[in-house]
Every structure is written in C-alpha cells, then in structure tokens.
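Working notes, beginning with the structure itself.
Heavy-atom basis, side chains included; hydrogens, waters and symmetry copies ignored. In what follows, chains carry the letters A, B, and so on, assigned in the order in which the sequence lines appear, proteins first and then strands, with residues in each chain numbered from 1.
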4 protein chains.
Amino acid sequence: MEPSKRGRPRSTDADRSILEAARDLLLEGGYDALNLAAVAERAGVAKQTVYRRWSSKSHLVAGAVLAGVLAPSGIAAVAVAGADPGVGAEAAEPREASDEPGGLHEWMRRLAASLESPANAATVRALAAAAADDDDDAARLYERFTGPTRRLLVEVLEAGRDRGEVRTDADLEAVADAVFGVALYRILARIDDPAAGIDSLATILVDGLAPRTATR
Amino acid sequence: MEPSKRGRPRSTDADRSILEAARDLLLEGGYDALNLAAVAERAGVAKQTVYRRWSSKSHLVAGAVLAGVLAPSGIAAVAVAGADPGVGAEAAEPREASDEPGGLHEWMRRLAASLESPANAATVRALAAAAADDDDDAARLYERFTGPTRRLLVEVLEAGRDRGEVRTDADLEAVADAVFGVALYRILARIDDPAAGIDSLATILVDGLAPRTATR
Amino acid sequence: MEPSKRGRPRSTDADRSILEAARDLLLEGGYDALNLAAVAERAGVAKQTVYRRWSSKSHLVAGAVLAGVLAPSGIAAVAVAGADPGVGAEAAEPREASDEPGGLHEWMRRLAASLESPANAATVRALAAAAADDDDDAARLYERFTGPTRRLLVEVLEAGRDRGEVRTDADLEAVADAVFGVALYRILARIDDPAAGIDSLATILVDGLAPRTATR
Amino acid sequence: MEPSKRGRPRSTDADRSILEAARDLLLEGGYDALNLAAVAERAGVAKQTVYRRWSSKSHLVAGAVLAGVLAPSGIAAVAVAGADPGVGAEAAEPREASDEPGGLHEWMRRLAASLESPANAATVRALAAAAADDDDDAARLYERFTGPTRRLLVEVLEAGRDRGEVRTDADLEAVADAVFGVALYRILARIDDPAAGIDSLATILVDGLAPRTATR
DNA sequence: TTTTAAGCGAGACGGTACGTCGTGTCTTGTT
DNA sequence: AACAAGACACGACGTACCGTCTCGCTTAAAA
C-alpha cells in the first residue's frame, strides 16, 4: 500500500497544484466546464501527471472533493468537524451542551449558512456530478463526504435520546438523511433562497423527535 | 405556435420510438452512457429527427423522464398524479380523507415504495445528471419534475392545517423539500435500502407538525 | 466502389484544402514537423474530417504525394508526363526523336534539374518517410509514384533497342532502377550538389548500353 | 576526450545488451515500432543508461546499424570492409586482382547478395528512417554508413583507370552513387527480387566505363 | 578509510502528437 | 416540410513516446 520506494517519488507539489487548479476551475464553471487539459495547464503540470494520479475526470473531481480543497468552510467544515481535522479544514469547536435535542437547531443553522455559499454549492454539485459519472464509487464518495458529519449528527441525536429528550423509537438515521437530503435537494434544484425555512424545519423535527407526552 | 400545416407532418411513431430508445439506454448505462447517435440508431431514426424534437441531450432525457416512459409507475406517477395526466402516466387514484395531517404517512409510504424500483432510481439519477448538464434549466427541470407532486403535497398539508391538525406557523414548503430531499439523497448516494426508515421519519414529521399543546 | 449516394457527400473543397495544407507543412518542415492538428487547422477543417479520408499521418502524406499536389514541376512532372495529366501537373511535351538511345541524356538532365528543387527533395523525403511508416503500402506507394515515369523510361529504352541503338541483352529495368536510385540516394543522403556528375553518369550508361562492336 | 577516470565506469555489458535489444526490436517492427522504453526494458537497463550513450533514438539506431550488430555480414560488412575493422564486423577478404575494371562485377555481386538478406534490408530501412528523423545528421549518417565502402569502391575504380581500363573523363563518384542508389531504391521500394538485374547493370557500367575506342 | 564522482535502476515529469468520441449543425436526395 | 443518411466544426478525451529529472543505491578511484 505504501508508495514504492524505488524511482523518483511523486511530486507532492503536483498533487496540491492539480487539486487547486481543479478546485478553481470547478468554482469558475462547474463540472462540465472543467477539462483535464486546462487543469494540467493551470497546475503547471503535464496531462499525464494528472492521469497518473486520477484515472479520469470524475476521479479527479472526487479527489478534489474528498481532499477538502473545495469549500474550506461551510458544509465541508461541518463535515470534517471533529472527525478528520486534516487537509485544509480547521477543526470546529467542540459543541457545548444544549438544552434541546442534540443542538439540532444549531446544526441546521450552520447547514443553512453553508447553503448560501456559492463555493459549497459548487462542491456539492461537483460531488453529485462526479458520483453520477462513476456509478461504482458513488456510494463511497457520498459516504466519505458526508459520513463523518452524518455520524456525528447521529451521535448527537443519540446523546439527546440518552438524556430523554428524544423518543426512543425514532429512526435517527432517517432524520440525518432528511437533514442532508434537504440541503442536497435545495442546492441541486437551484432553489432561490436555499436557507429559507430551514430553521422552521428544524423546529418541526425537534418537536417531532420529542417523547410523546399524550395519547394524541 | 401551432405546428405549421404545410409539409410532411412529424411522425408520432418517431416520438415514441425515440423516447423508448432513450429510456432503454438510460436504464442500461445511465446518463453518461447515453449518446444521441445510439438513441437515433436504436429508434431507427436519423439524429436530426431527434434534434427536431428536443434541442439537446439533456432536454431529451428530461423529456424521457417527464413523459413517464422511463417509469410508468412509481415516483414519476406520484409526481404527475392529479396534475398532468398525460403521456404514458396513468393517473393515481384520488386520495381519500385521512385521519392524520394530510395523509403524510400514506404519501411517504408511496414514495418509499417507489424508491425500491431500480427504474425509478435510474430516472432520478438521469434527471439529476440532465440538470447538472444544463445549469440554466436545472431549476426549471426540477420544477417540472417535482412541481406537480410537490404542490399537491403542500396542498394536502395546507388542508391538514385548515383542519387544525397542523400548526399554523409551520413552513410547509420546507417540509416538502425534506420529503423530496431525503428521497433524492438516498437514491444519489446509493444507500442500500432507500426506503428504510421513511415511515419512521413520516411519524416524526407528523408529530412535529402537530400543534404545540403545552410549554413542552 | 463508388461513394454511397446517401447522406451528405464529402466535401471536395475539404479534400483539396487538406492536401494543400499537408503540402505546405511538408515543404515548410518536412515529415516530422507535420502534425494532423496543424493540417486540419490550416485547411480550415476539423481533425475528424482529415481522419475520415486518411486513416493516419502516413496515409495522408502518401495521399498528398500521390495526388501530385506536391512538386507540381520537376520529378513529379517527369513522373506523370504522358501518364496521368491530372491534378496540378501540366503535361510535358511529347519527347522528340533523339539520336541517342532513348534520349537518356535528356532524361537524366531533367532528373538532375529536378534534384535541385527543394520542393522535389521534400516530396521524395516525404514519400520515403510515409513509406517507412507504412510497411505494407510502401511498395504500392513507390510503384504509384515512380511507376508511370519508370515505365515510360523503359519504353523509351526499348524503342532505342528496337532501333538498334541499345544492345539486346541489356536489362533495361535495372537501368531504370539505377536512374531512380541515384536520384533517391542523393536526395536522402543530402548530398551537397545532387545534380553533379549526373550528366557524366548518363554518358557512361549510354555507352554501356550501346551494342558491343568488338570482342573487347 | 578520454573517459573521466573517476566514478563508476560505464558498463560494457549495458552497451552490448542495448545494441542487441535495439537490433531485435528493429528487426521485429522497424524504426517506428522501436521505442526507447522497450529497448531499455529488453536490455534490462534504465532508460537513462541508454541516453547516457546515445543522445536520441535516431542516434541509437544509427549506432546499432553502424556497430554491425544488426547485420554482421552483408552490406554493413561490405561497408566497413577494409576501412574500420571494428565493432562486430569481421573484415572482408582482401580483394584479388581482376581482369575487369576494378572488379566492379564482383563488387556488385556481393552487393546483390547482401540485398537478399531481410536483416540487411531492415538495416537500410532503419538507417533511412533514422536519417529522415534527423535532418542535420542525415548527411553525416549516410556518410558514416556508406562512406568507407564508397571510398573503397572509388579507389578500386581509380585503380582501374590507372590501369587504362576505365576512361579518364568518367565521374567515378557518380558511378558509386548509382551503385548505392540502386540498392537503396530497391530496398526502400520493396522491389520483389532486389538482386535481379544487378549483374547485368554491372556489365553495362563496366562497358560504359571502358575507354572509347572509336567514333562510337 | 573515508570521500567523492560517476553510473545505474526505477520511475515521475513536461511536452507534444496521436487517434477516438460525442454534441449539435448542415447538406444531400427522397417521401 | 419531414425524413434517412451521413459529413462537418468543435472540443475533450485518454494514450503513447520522447528526452529530462530526481530519488536511493552501487562502484571504484582519489584523498
């Protein structure tokens, strides 16, 4: 698994400049407008040097998304917060205790904020396009991109359940999917004001998650 | 606006066979693997005959998806039910009165059922890819595809609100987005059992939508 | 064998402008310096339009050589004289009777003159390069390029033999090869003054071809 | 000029195995099909080790051809016979006195014999391709390859002239070119039986070279 | 014995051309 | 007019080869 020790080692400069070039072009024109010759040229690198690392355009974009060079704040930051304080993403502060189930409101406000950033929208669209191109890797791509945050959200909700704030029979995975789904949908559908109503949805979810008090 | 009366009329056979060919290829390999030359050949038609009807690949795919050729039942049928009882989509039964807010459970169960069909998943992926391809038309495409169902859902929820089953300050649009978003997310992310937990999510939403009774 | 009557016919303008572009680039930089993208661009044509006609660079060059767009005078003119008064090569005057065997001197003087022309040198080098690239077609290429002139030369020598000016046991094919060979060799080897000594060689050949008068 | 005495000396094994690999690949597929990575791999050597010795592909091919690795006998042997009894080419026997001008017949018979060998044909083609590749070096390359033999031939002819067997005004260089030219032409043009007629041509040349005795 | 200079295997690198593919338009003759 | 057929301009794709470079390691002469 480790890189062969023989021969000239791959240039880490090239790694970086390729990903940056890909990010820039992605932000400028989206997935379609990105082409590998332009990436290579902007990165000051030969096309083959790109292909040596990523076997196709969609792999490159996937790489850029996963490396976190895209969207250094917002959704991606949320995504990696507390999970993999790695590449280019400064770790978010540990979340404090909250009086509501898992700080879901806070969570979704952050999500709403991230929806407004064009860079985040571009990232998500790039992710979707790369995943569409690459049937096999799609699941892995989404998993790696949303996984850490998603798990964090589920843990947070579970902690709320343990504190008795969330009903025990709730499917917390489904709630997490709803949270990510609404963000994805609003970005892909280019809904005008993507953050609108998020707060209200959070309220509904929080209320819906609360333990049932009456027979209703 | 009406078609010119002069000259040879357009072949309706061609319309149908093109859409069928597009559907087949879409199901076989997805959006990327579909190319217009192959569509034309399989339809037994010249390429120009396709372009005379749809101005681009993404429009053709949108057309195939919206015509319901791709998925005569399921999501697409839900989508157009009651709205545009048109091409190839048999109208769903009128929904009966329900004792819960807007029959949301029933709704989401149908949605969940439609998620299980590979053909529907393919439809949604094709739609997403077509929208990604065509930045300007993306909003319109999503609107055309989800619009009718979405409006219906909102109406149903509004009826529930009028009956006092749904709190008045709830952002019903946001709820609708959550419903569609979760479906979209699960399909695009290739989540194994896309329908799992939908019922439970519906319960949460229903409960969350209920009027607040106390201080909570 | 005739071109299919259906569909848009191939543009003869493109045929011509591609060959002209190939010729120009060949004259400017030789075989190596010619690349198909440049040919297409200069011809105002898409690369695929070139490939539709010639399946590779060497085929294109072969085509250019054979079409006679290269070297409209000199060797090529000699080559096509009396044979195929076609593309761009004005037919040479019919040769008059001569007092020496087949006018070999005259022939070789023309050959010598053609050796001085850079365009001819370029043509021959292009021919050699294309033939080298294309093992199977090499024989055909040389045959079609030199064939007509070569046959003409042989006929001329045979006429001389019939008039009793050339010994009957001489292998006239071998003489023809010597004539073409010396030209080829001097061009490929970039011999400084390619025409030097040709006249003297002609004399030797003429004398050598004369019927033996004595026992020697 | 002599190799620096410091450092690790160059491997003579590498020299040999590179030339052998080059020869093999040349015989298998010709100049075009030979690529340096394959040469290096087959020679069990790094690419740089090749480039340390020959500065380019054409130089390597020239080297392989000139070293006689390609054709230890035949044309190459003729070429270097008596001149540079060097690398891999065993010297030909000293030629005996002949009763005809310079033993031209004998010479050309040997040449004809060498034409029959596919390996020699490949050599010549490789040489031509290497020369075509390297415009500046072409003259030098031909000179190095044909020079020694050519000079020998001219000397032989001069000796004949000195003995009064060859007319004094004959351009012997031109004759030599004709001899090499016909060989080159027949090989490059893939003429079926390259050796045919050579003997007869020799007779013609010999006769043509003989001093003029009468009014002709 | 330790430097030091060069050779060497491996393989990445910049560059350039290759030949293919897909989109959307255009041009024939035919219906 | 629409249609079948297929050429066309455009532009991206992924591959191949050239000749250079950069690693870590080896070899042998010089210090």
Indicate yes or no: at least one non-hydrogen side-chain atom of B:Asn35 is less than 4.5 angstrom from one of B:Leu25. no
Would you say that B:Val61 contacts B:Trp54 through its side chain, given a criterion of any heavy-atom pair below 4.5 Å between the two side chains? no
Between [N] ([atom2]) and [X] ([atom1]): distance, integer Å:
| X | N | atom1 | atom2 | answer |
| --- | --- | --- | --- | --- |
| B:His59 | E:dT25 | NE2 | P | 12 Å |
| C:Arg16 | F:dC8 | CZ | P | 13 Å |
| A:Asp13 | F:dC23 | CG | P | 11 Å |
| A:Ile18 | E:dC13 | CD1 | P | 8 Å |
| D:Glu41 | E:dC8 | CD | P | 18 Å |
| C:Lys57 | E:dT20 | NZ | P | 15 Å |

Comparing A:Leu34 with B:Gly44, nearest DNA chain F nucleotide closer to 5' gives the residue B:Gly44
On DNA chain F, more 5' by nearest nucleotide between C:Thr49 and A:Pro9 is C:Thr49
Hey, is the main chain of A:Val45 close enough, under 3.5 Å, to the side chain of A:Thr49 for a donor-acceptor pair? no
Considering every strand and a 4.0 Å limit on heavy-atom distances, what is the contact class for D:Leu60: base, sugar-phosphate, or nothing? nothing
Using a heavy-atom cut-off of 4.0 Å across all strands, would you classify D:Lys47 as base, sugar-phosphate, or nothing? base
Report yes if at least one side-chain N or O of [X] is closer than 4.0 Å to OP1 or OP2 of [N]; otherwise report no.
| X | N | value |
| --- | --- | --- |
| D:Arg52 | F:dT20 | no |
| D:Ser55 | F:dG19 | no |
| A:Ser56 | F:dC13 | no |
| A:Asn35 | F:dG11 | no |
| A:Arg6 | F:dC23 | no |

Side chain of A:Leu36, heavy atoms from C-beta onward: which of F:dC8, E:dC18, F:dG14 has the nearest atom to it? F:dG14
Measure from the side chain of B:Ala46, starting at C-beta and using heavy atoms only, and say which of F:dC18, F:dA4, E:dT23 lies closest. F:dA4
Against the six-membered ring of B:Tyr51, is B:Lys57 placed for a cation-pi contact (under 6.0 Å from the centre, within 45° of the normal)? no
Pair B:Arg42 + B:Asp24: basic N to acidic O under 4.0 Å: yes
Residue pair B:Tyr51/A:Asp15 against DNA chain E: nearer the 5' end by closest nucleotide is A:Asp15
Of D:Arg10 and A:Arg10, the one whose closest DNA chain E nucleotide lies more 5': D:Arg10
So does A:Gln48 reach the base of E:dC13 with its side chain, donor to acceptor, closer than 3.5 Å? no
Between the base of E:dC13 and the side chain of A:Arg8, is one N or O donor paired with an acceptor at under 3.5 angstrom? no
